[in-house]
Amino acid sequence: MNLFKPLLTALSIISLVSGLPRAEAHPVAFEGALSLLGFTSSKEQDFQALYSWNPRIATGLRQLRFETERGPRQFSLVQANWLVRRWNEKTSQANLYLGAGGGVEKNARLAGLGSIEADWESRRLYTSGQYQSIGFSRNPAIQSMKLRAGFAPYLAEYTELHSWFILELSRTPRMERKTEITPLIRIFYRNILTEFGRSVGGDFKFNFMVHY
Amino acid sequence: MKVRLKAKSLIPLLALGFSLSATAAEKITVGVNGMVCSFCAQGIEKKFKANDAVQKIDVKLEKHEVTLDLKDGKNLTDDEITQLLKASGYGVEKITRQSAAE
């Protein structure tokens with residue numbers, strides 16, 4: 001745990017300084033889990049289907065679309081995620097993930113993806129940081145960064161409905177709106193998680209995750 | 001003659017009773033490290049439910065515990081429990097056992 005917090009702080013600082021990119025929650029789930037993840041806003045869509053071979057490795061397919069300042073860009077990728085390290089404490093958990101992928105951008109250009117993500121959570125508090133870069137050689141990379149902090153107004157049991165308030169700071173330099181601050185509400189029941197919110201700039205966002 | 005037959009017929013009944021009490025279902029409470037959300041609990045629940053020895057599992061996030069009811073005649077060692085939790089991505093804080101007869 002002592003190692004993780006400085007790491008997350010460093011990651012956050014690096015991301016802010018370099019204007020780097022975004023990420024996804026739960027890149028790896030439990031062994032045998034099929035995970036469906038989706039994010040949508042007016043300027044960005046991201047859908048993933050992942051299979052966790054064990055608690056450390058997940059692979060799957062990903063479809064992304066960005067409405068950049070130079071027009072739309074769409075990617076179809078195969079992705080692998082790796083849980084590099086997990087810290088399990090009695091009342092909290094922290095994780096460090098790496099992701100890599102390859103595929104094509106629309107118009108059949110090759111595309112590659114790299115990502116790093118870290119998070120720490122307890123039953124009451126949650127923080128995470130993500131960086132992601134997508135692109136290849138002569139195609140300018142789309143880099144995005146996301147920082148989140150959240151809290152649960154009440155504590156719920158496994159079979160009860162969980163609710164969270166989350167504040168997200170995202171920065172994607174190649175988008176028209178480069179920096180966004182978005183308050184979100186997370187509703188979480190058993191294996192289904194949904195988030196919805198509206199950024200300060202007026203963009204509605206919806207996020208979902210299901211583990212089977 | 002009748003007395004001898006009755007005594008002999010009691011022996012297998014006594015042996016059966018003894019064997020039943022020796023393998024009565026056990027309840028195991030496991031303190032889990034890192035179990036802080038429903039996704040965590042879901043993974044642990046699935047892992048243990050898939051084990052042949054487990055009759056029932058109850059997850060309590062508030063207590064950071066899972067309680068396992070084992071099937072009659074089945075056993076799960078501390079090592080096996082630790083390995084199952086490790087395979088789920090979590091750690092063991094402590095394991096306590098209680099037989100059904102208590």
Side-chain angles (χ1 to χ4, degrees), chain A residues 1 4 25-35 37 52-58 83-95 97 119-126 128 150 152 154-164 186-194 209-212, chain B residues 26-71 74 76-98:
Chain A
M1 185 57 63
F4 172 75
H26 270 250
V28 185
F30 53 88
E31 181 181 332
L34 172 64
S35 304
L37 300 88
S52 296
W53 301 93
N54 53 56
R56 292 207 167 264
I57 300 285
L83 172 63
V84 177
R85 179 77 194 271
R86 169 170 286 174
W87 293 265
N88 282 316
E89 303 293 333
K90 182 171 181 179
T91 59
S92 66
Q93 184 187 84
N95 301 284
Y97 300 95
D119 67 74
W120 175 90
E121 67 177 298
S122 67
R123 291 185 68 215
R124 179 73 72 178
L125 299 173
Y126 154 72
S128 71
Y154 63 90
L155 298 181
E157 264 302 336
Y158 172 43
T159 53
E160 296 173 338
L161 188 72
H162 297 237
S163 304
W164 287 78
R186 169 184 285 182
I187 304 293
F188 193 172
Y189 179 71
R190 284 190 175 259
N191 64 323
I192 301 173
L193 179 152
T194 61
M209 190 185 330
V210 182
H211 290 325
Y212 293 102
Chain B
E26 191 174 32
K27 189 185 284 280
I28 306 174
T29 301
V30 185
V32 181
N33 289 334
M35 188 174 71
V36 295
C37 72
S38 288
F39 281 158
C40 309
Q42 182 197 8
I44 292 170
E45 184 183 59
K46 284 193 95 168
K47 197 72 180 174
F48 278 98
K49 272 187 172 177
N51 188 279
D52 188 49
V54 175
Q55 175 75 32
K56 183 184 163 194
I57 175 171
D58 187 26
V59 177
K60 290 291 180 202
L61 291 176
E62 184 183 1
K63 292 184 178 178
H64 309 281
E65 283 179 356
V66 299
T67 303
L68 306 170
D69 287 327
L70 300 188
K71 293 176 182 171
K74 295 288 187 180
L76 210 53
T77 65
D78 286 7
D79 269 348
E80 286 169 327
I81 291 170
T82 301
Q83 287 307 313
L84 282 168
L85 273 172
K86 199 174 170 184
S88 306
Y90 300 90
V92 172
E93 190 213 5
K94 62 178 178 181
I95 299 174
T96 53
R97 293 172 181 270
Q98 185 180 24

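For clarity, every value in this text was computed on a predicted model and none was experimentally measured. Values reported hereafter were calculated over all heavy atoms of this structure, with side chains retained and with hydrogens, waters and symmetry mates removed. Quick note on labels: first sequence line is chain A, next is B, and so on, each numbered from 1.
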For residues 46-54 of chain B, give me every residue with a non-hydrogen atom less than 4.5 Å from any non-hydrogen atom of chain A. B/Lys46, B/Lys47

Give the interface residues of residues 28-35 of chain B toward chain A, defined by a heavy-atom separation under 4.5 Å. B/Val32, B/Asn33, B/Gly34

Just verifying a value: how many Å separate B/Glu93 CD and A/Glu89 CD, rounded to the nearest 0.5 Å? 11.0 Å

What part of [X] lies closer than 4.5 angstrom to a heavy atom of chain B: side chain, backbone, both or neither?
| X | value |
| --- | --- |
| A/Ala156 | backbone |
| A/Asn54 | neither |
| A/His211 | both |
| A/Tyr158 | both |
| A/Arg86 | side chain |
| A/Leu83 | neither |
| A/Thr91 | both |

Give the minimum heavy-atom separation between [X] and [Y], together with the two atoms involved.
| X | Y | result |
| --- | --- | --- |
| A/Arg123 | B/Val36 | CG-O, 3.5 Å |
| A/His162 | B/Leu61 | CE1-CD1, 3.8 Å |
| B/Phe39 | A/Phe30 | O-CD2, 4.3 Å |

In terms of heavy-atom pairs under 4.5 Å, which option from B/Cys40, B/Gly91, B/Ala87 contacts chain A the most? B/Ala87

For the side chain of A/Asn88 and the backbone of B/Gly89, is there at least one donor-acceptor N/O pair under 3.5 Å apart? yes

Using only atom types and a distance under 3.5 Å, with no angle test, would you say the side chain of A/Glu157 pairs donor to acceptor with the backbone of B/Glu62? yes

Select one option (side chain, backbone, both, neither) describing which atoms of B/Gln42 are under 4.5 Å from chain A's heavy atoms. both

